[in-house]
Amino acid sequence: MSLLNDLNPVQQRAVLETEGPLLVFAGAGSGKTRVLTYRIAYLIQEKRVPASCIFAVTFTNKAADEMRERVERLLGASARGVWISTFHSACARILRQHIDRLGFQRNFVIYDEQDQERHLKAVMRELDLDPRIFHPRAVQSKIDQLKNEGVTPEEYLPDPYNIFQKRVALIYERYQEELRRNNALDFGDLLILVKILFRRFPEILRLYQEGCRYVMVDEFQDTNLIQYHLIQQMVKRHQNICVVGDDDQSIYRWRGAEVGNILNFENDFPRAKVITLEQNYRSTQNILRAANHMVCRNRSRKEKVLWTENRKGEPITLYAAEDEADEARFVVRKIIEQCQPSSRGAKRTYRDVAVFYRINAQSRAIEEEMIKNQIPYTIVGGLKFYERKEIKDVLAYLKLIANPSDGLSLKRVINVPPRGIGEKTIEKIEAFSRERAIPLYEGMKQALKEDWLSHGVREKLEEFVHLVEGLREERKGLSVSQLTLTLLAKTGYLDRLKGEGTEQALTRMENIDELINVMTEFERGGEVEKTGPQESSVEAFLDKVSLVTDIDLYEDKGNRVSLMTLHCAKGLEFPLVFIVGMEEGLLPHYRRGDEIEDLEEERRLCYVGITRAKERLFLSRAETRSTFGVGRANLPSRFLDELPPELIQLEERQEETESLFSQRGEWSDHFQQSEEFRWSSAAEDPFPGDGGRVLSPEEFISLRTGMRVRHPKFGEGRVLSVEGMDKEQKATILFGAVGRKRLKVCYANLEILE
DNA sequence: GTCTCTAACCTTTTT
DNA sequence: GGTTAGAGAC
């Protein structure tokens, strides 16, 4: 059986135990994804299970895509039809088919976190609750928590002596009612409504129970109560459930994940077989030993010891930096040392390197130093594409077209671009609609009919309604991208941006351009799961966009260093790993809860980081670090003391005088001469495939302050400064003819003169 | 109604 | 140090 040849005996068992409940403890780097994909392949190929009877759940779309790809690589076309999805997408798909049974319309929209917050604030304002007393964030997290536990407003029993809880009960109820009026769901609703759907309509549940003959759950340690509940419901009929996870990598407790789900699985399924994968194929012995040594301190964990046949490897490097800038210089110095083509030995390239940090804000210092030294990097998460204003605007228009009941989107776009429809008008209509419990848009139309608005307002509103109706009409027969182009033209959004003529407007237009690219890509791919007759590609596209995660957008974009949070790092591996900010207050983070479990979660986070490293691990901390603009002294992280000292090699602090500038000189000389780095030969473009537009590497990497350049329009000039990277890179140039200009390098068509 | 400036917030981690 | 929401000016 050729499929099994690639697996070790324990992995083989995990593949062969297809019937009944199975729990696989899969340590870091033990071939978890491999087991899952081979298991699916085995079911289809050897057990002759139809692909459509297999359901696999992952936590990110990226993981789902990867798994699908890998199964298809093993089996080819016969793998088509396996349902591999995240919890949230799966639920969205189920609801798109059946939600009308619950009194929503099938063209519902999904509110992201920002929408959720705005929605919540509106509800609280309506209830006349002072946001300074009842912090919307606290309320939101409480509601989220309830949803994660599968508690509906009717089921919630607040402590009668707890004012906050009593208010939450009230807000929660109104919050849900208002969502319904908007025909909108938040993330939590996706899960909770499926739960309700299954409970109220057993025949629908039965449909899925029949369909899901074999169910697999990846990253099971990160499931919350309601997710686990849904899975239990779905496997009730066939009981063929295989969950794979690692309690040591459970890092989402704060979001409702229950390690208990994995630790108690054997109680819930008494017949469950248990397999533990302990051989690690990823890391050197040293790295693995360090990781084991540390995570052993956790109390609530399943006993296991990872081992490896890999070589011992090099010691772990630890650097105590002066401050975060010094720390960044250390990281860059090491990267240059390891990746620079001139050094001897087996050398690494940028894509082999990852830098992990606890919080996104830490990336800045690293980024600055990277830019200074012109090291290409890519950053995962942080400032997100789909959170940009212009993108949200366009998406709000689309949401409104798909679902006119969506009042939040309506309010967002009604005066963008400015149409002279102000807050007062909206407020009036909002009150009117709420009273009648109809959607805002509906209320607007009613108000127009009843004609109690002033003449000017009336005209403006009529024009807007006309616009929306027109677009809704046009939507038929248009693809998402075509619809978007139409919308941009008819709303005047694009004209408005064009008219501005500022740098920022230009960037916005480029981003919208990029969004259109994403849409055409989406249309071409057509890998949309068919979800019913009602659904057009607009909803499908919006669903996809609503459910993307940071890591989904991460792909190997050419030869770059990867920067990301420790949370994002889960599931990835890199030959060289840096973990920065090994300080008390940062890792473990000071804002964690004060329960022992919270500390253990921080330790696991650190463990996840360490176990991403294949060859070398670099840890660093800073004596002082500025937060909120003020410098603070930090103690070394307690986790450093939990590493075996004999595995640690301390890195000497370098005198500041020996700055990177001198090193840079040699390095850049080398750049110019090195055969491999003569990119103009086009033999190897080191940064290919960046959003479709390939920029010339010379422009990107070798444009430096003081250079003379020629611009096709502005003529010759001198570079005053350079900022940012690749597509985002901008240069300020003093042109003899037109003076000082700030340009995007990748669009500027610059010619370098000297 | 629209634009601009200040002050408060902020930083965990995200489906 | 940087962003964003809300208040005040035009």
Side-chain angles (χ1 to χ4, degrees), chain A residues 57-64 85-92 110-114 116-118 121 125 131-132 135-137 140-141 144 147-148 185-192 219 222-224 226-227 250-257 324 356-365 368 380-384 386-387 389 414-426 456-457 460 496 500 543-553 564-570 581 585-593 598 601-602 604-606 608-609 625-632:
Chain A
V57 195
T58 61
F59 266 80
T60 65
N61 297 295
K62 182 167 176 271
S85 163
T86 64
F87 270 106
H88 293 266
S89 320
C91 287
I110 301 168
Y111 281 175
D112 66 19
E113 207 173 310
Q114 284 175 37
Q116 221 184 101
E117 193 184 325
R118 284 205 300 152
K121 280 184 180 162
R125 208 173 307 126
R132 278 167 307 185
H135 221 289
R137 289 183 67 142
Q140 189 174 356
S141 85
D144 274 348
K147 289 189 175 185
N148 285 337
L185 312 182
D186 68 13
F187 288 135
D189 287 339
L190 291 171
L191 305 172
I192 217 163
E219 308 279 14
D222 288 332
T223 51
N224 60 33
I226 186 159
Q227 288 164 337
S250 163
I251 53 177
Y252 287 107
R253 195 176 105 91
W254 52 274
R255 220 180 57 207
E324 71 267 30
F356 303 148
Y357 34 80
R358 176 68 236 263
I359 62 171
N360 275 309
Q362 283 174 269
S363 73
R364 190 173 306 133
E368 278 170 13
V380 184
L383 189 130
K384 280 160 250 175
Y386 289 106
E387 281 170 19
K389 183 185 174 303
I414 193 162
N415 211 22
V416 179
R419 296 188 176 90
I421 305 172
E423 245 168 88
K424 281 272 155 58
T425 311
I426 304 284
V457 171
K460 288 170 190 159
R496 161 97 185 174
E500 268 178 52
D543 279 359
K544 192 182 162 98
V545 169
S546 302
L547 301 173
V548 291
T549 66
D550 286 344
I551 195 73
D552 293 335
L553 299 173
M564 68 189 86
T565 63
L566 285 162
H567 283 89
C568 261
K570 197 175 65 160
L586 209 48
L587 186 65
H589 197 270
Y590 73 103
R591 289 272 309 248
R592 71 178 191 282
D598 297 308
E601 177 140 318
E602 295 287 314
R604 290 193 291 264
L605 204 46
C606 190
V608 166
R625 180 180 297 276
S626 56
T627 3
F628 301 132
V630 267
R632 301 199 60 155

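Each chain gets a letter, A, B and so on, in the order its sequence line appears, and its residues count up from 1. This is a predicted model, so every value here is computed, not measured.
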Correct closest heavy-atom pair for A/Ser85 and A/Ala90 would be OG-N, 3.1 Å

Taking every heavy atom of A/Val548 against every heavy atom of A/Asn61, the minimum-distance pair comes out as CA-ND2, 3.9 Å

How many Å lie between [atom1] on [X] and [atom2] on [N], as a whole number?
| X | N | atom1 | atom2 | answer |
| --- | --- | --- | --- | --- |
| A/Leu587 | B/dT13 | CG | C1' | 11 Å |
| A/Lys570 | B/dT14 | NZ | P | 11 Å |
| A/Asn224 | B/dT14 | CG | C1' | 12 Å |
| A/Glu601 | B/dT14 | CD | C1' | 12 Å |
| A/Arg632 | C/dG1 | CZ | C1' | 15 Å |
| A/Ile251 | B/dT15 | CD1 | P | 11 Å |
| A/Gln140 | B/dT14 | CD | P | 15 Å |
| A/Glu387 | B/dT15 | CD | C1' | 13 Å |

Does a side-chain N or O from [X] land closer than 4.0 Å to OP1 or OP2 of [N], or not?
| X | N | value |
| --- | --- | --- |
| A/Thr565 | B/dT14 | yes |
| A/Asn360 | B/dT13 | yes |
| A/Thr425 | B/dG1 | yes |

Exercise: do A/Gln116 and A/Gln140 side chains pair donor with acceptor under 3.5 Å: yes

Base, sugar-phosphate or nothing for A/Phe59? Non-hydrogen atoms, less than 4.0 Å. sugar-phosphate

Contact class for A/Glu113 vs. all strands (heavy atom < 4.0 Å): base, sugar-phosphate, or nothing? base

Should the pair A/Arg364-A/Glu368 be classified as a salt bridge under the 4.0 Å nitrogen-to-oxygen rule? no

5'-most contact on DNA chain B: A/Lys460 or A/His567, nearest heavy atom basis? A/Lys460

Would one find more than 12 heavy atoms of other residues, nucleotides or ligands at under 6.0 Å from atom CD of A/Gln114? yes

With A/Arg253, which residues qualify under side-chain hydrogen bond (donor to acceptor under 3.5 Å, both in side chains), at least two apart? A/Asp598

Can you give one letter per nucleotide of nucleotides 2-11 of chain B, going 5' to 3': B for a protein heavy atom under 4.0 Å from the base, S for sugar-phosphate only, - for none? SS------BB

Taking the six-membered ring for Trp, are A/His567 and A/Trp254 parallel (under 30°), tilted (30 to 60°) or perpendicular (over 60°)? perpendicular

Could you check whether A/Trp254 and the base of B/dT13 form a stacked pair, meaning centres closer than 5.5 Å and planes differing by less than 30°? yes

